[in-house]
Amino acid sequence: MRAIIKPDAQQKIELLGELAQLDCDGEPVLSNQQRQKRGFLSDSIVQVQRPDGPMTVLRTLQSSVCEKDCHYCPFRAGRSRTQRVSFSPDELASEFDAMQAGGVVKGLFLSSGIVGGGVKAMDKMLATAEILRRKYDYRGYVHLKIMPGSERAQLEQAIRLADRISINLEGANAKRLAVLAPQKDMRGELLPVIHWMRQIAREMPWQVKIPSLVTQFVVGPAGESDQEILTGVDWLYRRRTLSRAYYSRFNPITDTPLENIAPTPPIRERRLYQADWLLRFYGFKLSELPFDPNGALPANADPKLLWAAKHLSERPVEINLAPRSELLRVPGIGPKSADAILQARRQERLKDLSQLKKTGAVINRASSFILLDGHRPPRQLRLPAT
Ligand code: SF4
């Protein structure tokens, strides 16, 4: 008879770090060599961007046991080759406290498989966060994923405990979600969380800092268009409900119902992120994005460049006069360089590309779309067909 060896806490972190990779918040931070040196083999330690700079975060799960059958997920119920491990709230809080006290990580991103329903799974995650905050007096970064089926009171508790909250919509709409995760209910389980988040934010005393809300989409296997995904995201951004969306390109996993579906090309994920930035930071409207007749963002060039090739190549932007909103329309000029241009032109007129370069603008992208003191600079970019 084969002996059953129970994994210790560190081994659980390793195993659970693999599942947590499905969540997009954070990039793996350690090279293979660094991981071995620190005794970590999985991608459980990631780096997330915070307003005050990058932060190393333990990205893990309360449990990899799951009763749901999401068709893209290696941890779906009944997939026999998946190793299942769980943390009790005390065990995970204690392990995390040791890691953060030792300087290994500075924050926690906690998700979970679902056993006994979303409410029960969420309760365990909340208990872990409560122990960290109360028993260990931990004041650092906590990102909690809200389990589908959680109750409003649990969201309120999560808001008090976490700095960031995620509810993963996965599909562009209910029809697409049904292909990806037929047991998840967009209207009954996922969208209410977003609605409650708005309500609670209005009701909470002003002293309570409301965490940012993020979501994630599985891109590709449900046959949705880029326009379908971005239409919902844009609506949430405009209502100031969502801080950001993550777009996770699909990779087929063996022994799942979607194992024979082709992987989503990386360029599609990239174009979605570029379009998302235009909506969030550059003042673009959804209707201005260059979707093709099928609702896809073209792969041949980034959406801002395509927009500019159509609208600015014959009507260039005068760098010395344009308001910030127009500067942001120019490829190669982002929010920081737009601010730097406004600052620089208070001191002097910008007449050549070397002055513009000092603002941080990428001049080989910008030069086809601008005037410097009334003159077109030498163009440096071959424009894509529009
Ligand atoms: S709920 Fe779905 S996505 Fe989450 S662990 Fe279970 S099967 Fe995977």
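Whatever order the structure lists ligands and atoms in, that order sets their numbers, starting from 1. Just so you know, these numbers come straight off a predicted model, no measurement behind them.
The pair K12-E91 meets the salt-bridge criterion, since a charged nitrogen lies less than 4.0 angstrom from a carboxylate oxygen.
Ligand-side atoms of ligand 1 in range of C66: 1 (S), 5 (S), 6 (Fe), 7 (S), range being under 4.0 angstrom from any heavy atom. Each of the atoms 3 (S) of ligand 1 lies under 4.0 Å from some heavy atom of Y72.
Atom 8 (Fe) of ligand 1 does not have C70 among its coordinating residues (no N/O/S atom, backbone or side chain, under 2.8 Å).
In this structure, R249 forms no cation-pi arrangement with Y247, as its terminal cationic atom is not both closer than 6.0 Å to the ring centre and no more than 45° off the ring axis.
The number of heavy atoms from other shown groups lying within 6.0 Å of CD (Q83) does not exceed 12.
Here F96 and Y138 bring their ring centres to under 6.0 angstrom of each other.
In this structure, E170 does not count as a contact residue of ligand 1, since none of its heavy atoms falls inside 4.0 Å of the ligand.
Side chain to side chain, Q157 and R160 fail the donor-acceptor criterion of an N or O pair below 3.5 Å.
Contact annotation: for K184 versus ligand 1, heavy atoms closer than 4.0 Å belong to the side chain alone.
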